[in-house]
Each structure stands twice: as C-alpha cells, then as structure tokens.
Amino acid sequence: MSPVRPAALRPQRLAFAIAALLPFGTAFAQEAATSAEKEAATLDTVQVTAQRKVENIQDVPVSISSVSAEKLDVLGSGGNDVRFLSGRVPSLNIESSYGRAFPRFYIRGLGNTDFDLNASQPVSLIYDEVVQESPLLKGFPVFDLERIEVLRGPQGTLFGRNTPAGVVKFESAKPTRELSGYAQLAYGTDNMWNFEGAVGGPLSERWSARVSALYQRKDDWVDNTYTAGTSDGFEGYDESAARVQFLYEGDGFEALFNLHKRHLNGTARLFRANIIDPGTNNFVPGFDKDKVSVDGQNFSWLDTWGGSARLSWDFGDLSLYSITGYETAESLNRGDIDGGYGAVFLPVSGPGVIPFASESADGLPDHKQVTQEFRLESDYAGNFNWQAGVFYFKEDITIDSFNYDSLAPGNPRAGYAVQEQENTAWAAFASGEYDLTEKLKLRGGVRYTQDKKDFSASVLEAAPFGAPVGGPYRVSTDVNDVSWDLSAVYALNEDVNFYGRVAKGFRAPSIQGRLLFAAAGAPNGGVSTADSEEVISYEVGVKADLWDKRARLGFNVFRYNVDDQQIIAVGGGSNIATLLNADKSVGQGFELDLEAYLTDSLLVTLGSSYNDTEIKDANLTVPGCGGGCTVTDPLTPAGYSIDGNPLPQAPKWVHNLTARYGVGMGDGAELYIYTDWAYRSEVNFFLYESPEFRGKSSLEGGLRIGYAWNYGDYEVALFGRNITDQTRVVGGIDFNNLTGFINEPRTVGVEFSAKF
C-alpha cells in the first residue's frame, strides 16, 4: 500500500459538506478549515468495462462496485479463496458446500444452491473477458488483478450466458512496456504460507509479457477424535496457480494471449453431525470447532487450465474484437457427508453420532469449454455510437458419482452413476447509445440466444438408496430467447448523474441427474429438469463525486420479478435433489456505495444493501428435513408449502466498512492501520424455513498494521482475518441429522512485499 497522493482542493467547501452530511463532521470540518494552505487527497477516477469499453464508473447506468487491487491484497491476506469477497460489496453473497473448489454466487438474493457439477448459476463469472460456466472454474484464485467489478442486475445484452442476476468480472494485470513486478510472502496461523508474485516487461519492440504465480498452503486445524477413522485431521490444503500473458502491439492491431493453470489438493467441505441445538440455530453445548468425529474419507483435488486470445483491430471509426477461449477441468471431491460415525439404528446422542452412514464423491473426469466472440464497435464523433457481435459457446461434461459404505472395512464403493451433458449455444447482440442532449444520454441493447442441451445419465452400480441399475435416461432441451435493456443517464452537473434502467435477463433450462439419491420409483430414473427462467429488473439511482472529489457516492433502488425461477429441493429424508420452477419470485431493495477521505490521512469506504426476496407459488411444495429439525412452513399432503418464503442464501442486509489511516514518516515512508468489516443478516439454508437451518447473522472483521518505505516499494505488515474468531454455521445437510459446516477460523500472520 503506497502513501496517499495529494491533489488540489478547496477546503472550506469540503468542511461545510462533511459537517452537513456526517454526524461527526464538525471535527473534520474544523481540521479542514485550518488546513487551507495544504493540498488535500482526492479520489482517483475508477475506470470499468461494464459496457465492454473503458468508462468512468460514474457514467455507467448500472449498479456497479469495483474492488481495487490494493483492497484485494488486504482481503486475501489470510490465504482464503474467492469466498472472501462475500459481503464485501453490496448484495453479494458467496458460499460453498465443496470448500475451495465450488463457490456459489448470489446477487440480490438470486443464486443457485444446486451442488451438482453441471449446475448453472444466474450469476456469471467473467475472467479476462471469457465466461467461466462450470462452477469448478469459478473458484480460480484471486491474484495479480487490476480490479474486480460486480455488476448487479441482468447483463444479458452484452455478456449473455446466464446473467439474470448479474456478473462478477475479473481483470488481470496486463503486460506493460516497462519492467515491473512484485513479490508477496505471508506466514500465519496453522503453518499457513501464502506467496504470490509477478514479473513483466518488454520482450522486443512490439512484444511484452507478464508471468504471475500463486502458492497457498495450510496445515489441518481440525482433529478427528474418532480413532477408527481414515484420517486424523482436516481442513488443510495446498493450492497453486499461474498465469502467463503475451501482448503484441502493432499499428492498428493488438493481440493479448493468456495461459493459466490451477491445482488444488486439500480437504473437501467438512460436515459435522448434530452440532445444532434442536429448536434453535445455536451450537449444541460443548461444541468444539477444532474437533470432529468421522469415520469416512474426506479430500478434494482439482486441476484446471485454459487459454485465451484477445485480438483487436483499429480501423479508425470502427474497431473489431475477437475473443477466443478454451477451458478444461478435472476433479474428484469425496466427503463423509453424514458428518459423523455410527451404524444403522444407533440412537442419536450428540455431536458425531449418526443414525445411518452416507459417504459420497463426485468427479469430473472429462470437461472442456470453447467460446468465441466477434464484436464490432463504433467510435464516431457524432451523437450516436453502437456495438454488435456474435457469440458461440460449447461445453462437454462427464460426471462420475460414487457412493461408499463407511461401515464396512476399507470403505468400499457401493454405488456408481455417470452423467454426460453437451451444451451448445450461440447468440447475436447489438447495443447503441445516443446523446439526446448535452445532459441526457440514452442506451439500449438486444440479444438473441439459442441454447441446446443433450443429457444422459446411467446407474452402473446401484446404491442402497436411489435408482436401480439402468439407463441411459435421456433429456434434451432446445430454447431461444430475446434479452434486452434500456437505460438513461442525466447529468445534473459535472459531478452528479442520475440514471434509470430496465432490463430483461434469461437463464437456459437446467438438467440434474443425481441417480444414486433419486426418490424410489421416480420417473426417468430421477432425472429432473427446470425450464428457462426470465427476469425483469427495474432500478433508478444516483452517482456523484462529492466535496471536490474527496468522496464518491453510488445509490440505487431496485425491484425485479422472476418468472419460472429455477430452484432445487435438496436433501430431506430421502436425500434427493430435484430441480423445480417457482411460478414467480420477487425482490426489491437498495444499494449504497460510499468512499470518502474524511481527512487527508483517513480513507473510509461504506457499502450497504437491503434485499427483500419472496417466492410466490401457492402450489409449490418441497420435502422437509430427514430428522431433528423443526419445519415451520404449512404441511400439505404433497409436502411443505414454501409460498411466501425468502430465497435461500439471501440475506436481507449486507454491510461492509473499511477504514485506512496513514501517518507519513518522512523520506517516502508511511505507517498505516487498515480495518475492514463485513456483516450479513440471517439466511435460510434451504427452501423451507426451520430455526435449525437458518444461519445466524454474521460480522467478520480484519485488521492490518503496516509499515511501507521507499514510497511504497517495500512493506511489512501484521494482519488478522476474522479477528474476533466468530464461529457460525454457514450451511447444512438435512437428510438424517442436524449436520452443518462452519466458517473459517481466525488467522493471524505477518506479510512482506516488494515492488519494482
């Protein structure tokens, strides 16, 4: 973190503005008024590519949060995976029942709790302009990035590919014409090591390159007290990733080539049996987060690699872009999902003891994804500009599902099923913007999509529960859709913009075939399908630079309606997983982003959001839990009615706060303190409501104290993540006992970094 950079400011105006808008503004106003002879710090302009071109974030008619590289360094200090972004911007939640391998993203409450390896999500993750469709690709480590952009609301016109909730967009640091780089090494709790670094520069007159790498590891921090278990410890991992980029800059032509790879070897999500006190969402008395008692195996390994070619031609008033991407993944994730030990009919009597055993694994032995986009963009001097293009997507997946008998010596296999899916889609899109007046700009876009899936599933070895040996069970879908958006931006003055936007989003049908856990006698072996979902979203907002660019504000209110929302009924007494469509879901709320220099040395950011979601389907029912929980929804002959329930994993409130205070030490040195806090309110883990499976509100904080010298080129820092060591149940398994999994523990460490 480099010291803040001063810039010109009229301090009297700042003083009066802060005094008027902040409850503690009087003291800062007095300080500013006595500093009339000093220059003051201002905020740099934030450039984003939310509309597929570089723009000031204040001019874009979309609710956007941008997370800078500096903030990412702080949030990632403890070696955590991409889930550390959860709650760090308004309306964003990220969770996983797989651990580091399979993050699930939710924006404004819209997401997908499906844990199958072909699950689609309504939040699209775009890494260096290439969509990452498989959930196993979405967890690529966060390192050597320029920024992350979170775009809320449907983004179907320009990004397409399952974006009815929004987009999380990653931009890697690019090669430059100057030799530069950095190295960062951290050591912390539980023998945690976290290294990342990059080096880049010119190779010739036209070529430059950048190589980036990351390595993270941590020892097991949970002990297994079951002496007959197959492992004595859990929650350790080692992970590595690398990226190499080559940039060619010619006359009117540019080419950026990207190769990247990831390897993960560690513990799968650690399930813990009977840790929830019946009738409440409290831990049972005597719960110890550092101990479990399980008899099964638990591991996770994942390998991914991919490449892209981003080409651009400048023809003056027109530019042509080509983006080619290839991604592939291979994985195996095995977990003792019953979370304990025991035998059939053994009475439940406390943490670890289970009524019956369940151990399973899912593997991805074969996966590949190919994408191609061509886009033409205008740059006319007049009032109207446009862009148009075509997009192609093809993905082939094979999924292996296994069941094991953890009660037999050696945990032998007791069930094997295979799923195969081929997904092909293409789209054509166009958008334009027109300066109606000097103050009013109109934008609009449309996208036509054709999406086809061919799916088959077979049971090769039957499990004790589920479908018998048989298949293949086949399902095909073939749909088309037109998505669109309309927006307007009105510049009240050079610092304040008002905007309004209405957009339609679309998600193609989903197919699921967890045949080893299918309901007895289920049609087509238990393969289920959810039809397309469509979203109409409305939002209005204001974006403003305040106090002579010492502060930046973004605020909006929104409402959306989802027709035929894809949801999944997971678990219950039969541990089934069935895709469903809710007739309608609605959501509404607001989002706030604020960043301000309260003094020249104190920079504060504040994010806040309110999301009120509701399922509206009087005829939709789901199974309740398999044992131990108290379902509070009305019980009908068909199951529990979820009409009126909020969406799962959709907190009403999300708040985040950061504060950085720096003191100059002379000769380009600075001592600083940085703290960050993220809050989310309660969430339901499942579609039904139950006190046991309603996660408590969460507040996690971080602290960093650092000393930088040589104008920020070198830095040493002490850091802590989850500094209060808060422990929460963040997800559950509901089919046979009160099983849950918890958040990451407190991590404390030291970090050294150097830049050149």
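Both backbone and side-chain heavy atoms feed into the values below; hydrogens, waters and symmetry mates do not. These numbers come from a predicted model, not from an experiment.
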For residues [X] and [Y], determine if any side-chain heavy atom of one lies less than 4.5 Å from a side-chain heavy atom of the other.
{"X": "T658", "Y": "Y674", "value": "yes"}
{"X": "R83", "Y": "E95", "value": "no"}
{"X": "Q51", "Y": "V62", "value": "yes"}
{"X": "Y610", "Y": "K652", "value": "yes"}
{"X": "V654", "Y": "L92", "value": "no"}
{"X": "F555", "Y": "V557", "value": "yes"}
{"X": "E595", "Y": "L546", "value": "no"}
{"X": "I57", "Y": "D59", "value": "no"}

- Task: Test R108 against E591 for salt bridge (charged side-chain N to carboxylate O under 4.0 Å, His left out), laying out the working first.
- Result: CA-CA 10 Å; R108 294 177 173 173; E591 290 146 350; 2.8 Å; yes
So, [X] side chain and [Y] main chain: donor-acceptor pair closer than 3.5 Å or not?
{"X": "Q369", "Y": "V131", "answer": "yes"}
{"X": "D435", "Y": "L440", "answer": "no"}
{"X": "R206", "Y": "E249", "answer": "yes"}
{"X": "D144", "Y": "A198", "answer": "no"}
{"X": "S65", "Y": "V89", "answer": "no"}
{"X": "K504", "Y": "V482", "answer": "yes"}
{"X": "Q565", "Y": "S585", "answer": "no"}
{"X": "Q132", "Y": "V130", "answer": "yes"}
{"X": "S609", "Y": "P90", "answer": "no"}
{"X": "N497", "Y": "Q58", "answer": "yes"}

Worksheet item: Between D593 and R152, does a salt bridge (charged side-chain N to carboxylate O under 4.0 Å, His left out) hold up when you go through it step by step?
Response: CA-CA 13 Å; D593 266 311; R152 294 176 282 265; 3.4 Å; yes
_Can you classify the ring geometry of F391 versus F393 as parallel (below 30°), tilted (30 to 60°) or perpendicular (above 60°)?_
parallel
Aromatic ring pairing F590/W653, orientation class (parallel under 30°, perpendicular over 60°, tilted between):
perpendicular
>> Is it the case that atom CG in N493 sees more than 12 heavy atoms from other parts of the structure closer than 6.0 Å?
In response: yes
Taking atom OH of Y321 as the centre, does the number of heavy atoms from other residues, nucleotides or ligands within less than 6.0 Å exceed 12? yes
Spacing of [atom1] belonging to [X] relative to [atom2] belonging to [Y], to within rounding of 0.5 Å:
{"X": "S322", "Y": "R375", "atom1": "OG", "atom2": "CZ", "result": "10.5 Å"}
{"X": "L592", "Y": "L594", "atom1": "CG", "atom2": "CG", "result": "6.0 Å"}
{"X": "Y661", "Y": "E670", "atom1": "OH", "atom2": "CD", "result": "10.5 Å"}
{"X": "Q155", "Y": "N162", "atom1": "CD", "atom2": "CG", "result": "13.5 Å"}
{"X": "S431", "Y": "L486", "atom1": "OG", "atom2": "CG", "result": "11.5 Å"}
{"X": "D564", "Y": "E534", "atom1": "CG", "atom2": "CD", "result": "8.0 Å"}

When you measure from the centre of the six-membered ring of Y672, is the NZ or CZ of R660 under 6.0 Å away and within 45° of the axis? yes
Kindly state whether the ring of W426 and the ring of Y392 have centres lying under 6.0 angstrom apart.
-> no
*asked:* Please report whether the ring centroid of Y127 lies less than 6.0 Å from that of F170.
replied: yes
E433 meets the salt bridge (Lys or Arg N to Asp or Glu O under 4.0 Å) criterion, sequence neighbours left out, with K53, K441, R443
Fill in: Side chains of Y499 and E539, donor plus acceptor under 3.5 Å
yes
Are S483 and D481 close enough that a side-chain donor and a side-chain acceptor fall under 3.5 Å? yes
So N611 and S91, side chain to side chain donor-acceptor pair (under 3.5 Å) or not? Walk me through it. CA-CA 7 Å; N611 285 268; S91 294; 3.0 Å; yes
Side chain to side chain donor-acceptor pair (under 3.5 Å) evaluation trace for E178 with S208: CA-CA 9 Å; E178 296 182 359; S208 55; over 6 Å; no
Please report the C-alpha distance between D676 and R88 in whole Å, then the side-chain angles of each, then the deciding distance to 0.1 Å, and finally whether the salt bridge (charged side-chain N to carboxylate O under 4.0 Å, His left out) criterion is met. CA-CA 9 Å; D676 61 275; R88 300 297 173 175; 2.8 Å; yes
Residue pairs meeting side-chain hydrogen bond (donor to acceptor under 3.5 Å, both in side chains), one or both in residues 163-175, sequence neighbours left out, come to T49-K169, D128-S172, E129-K169, K169-E171, E171-K174, S172-R243
Kindly determine whether L72 and R147 satisfy side chain to side chain contact (heavy atoms under 4.5 Å, CB included), including the steps that lead there. CA-CA 8 Å; L72 292 173; R147 66 187 178 279; over 6 Å; no
- Task: Go through the steps to decide whether E373 and R310 satisfy the test salt bridge (charged side-chain N to carboxylate O under 4.0 Å, His left out), and finish with yes or no.
- Result: CA-CA 10 Å; E373 179 178 280; R310 299 161 63 180; over 6 Å; no
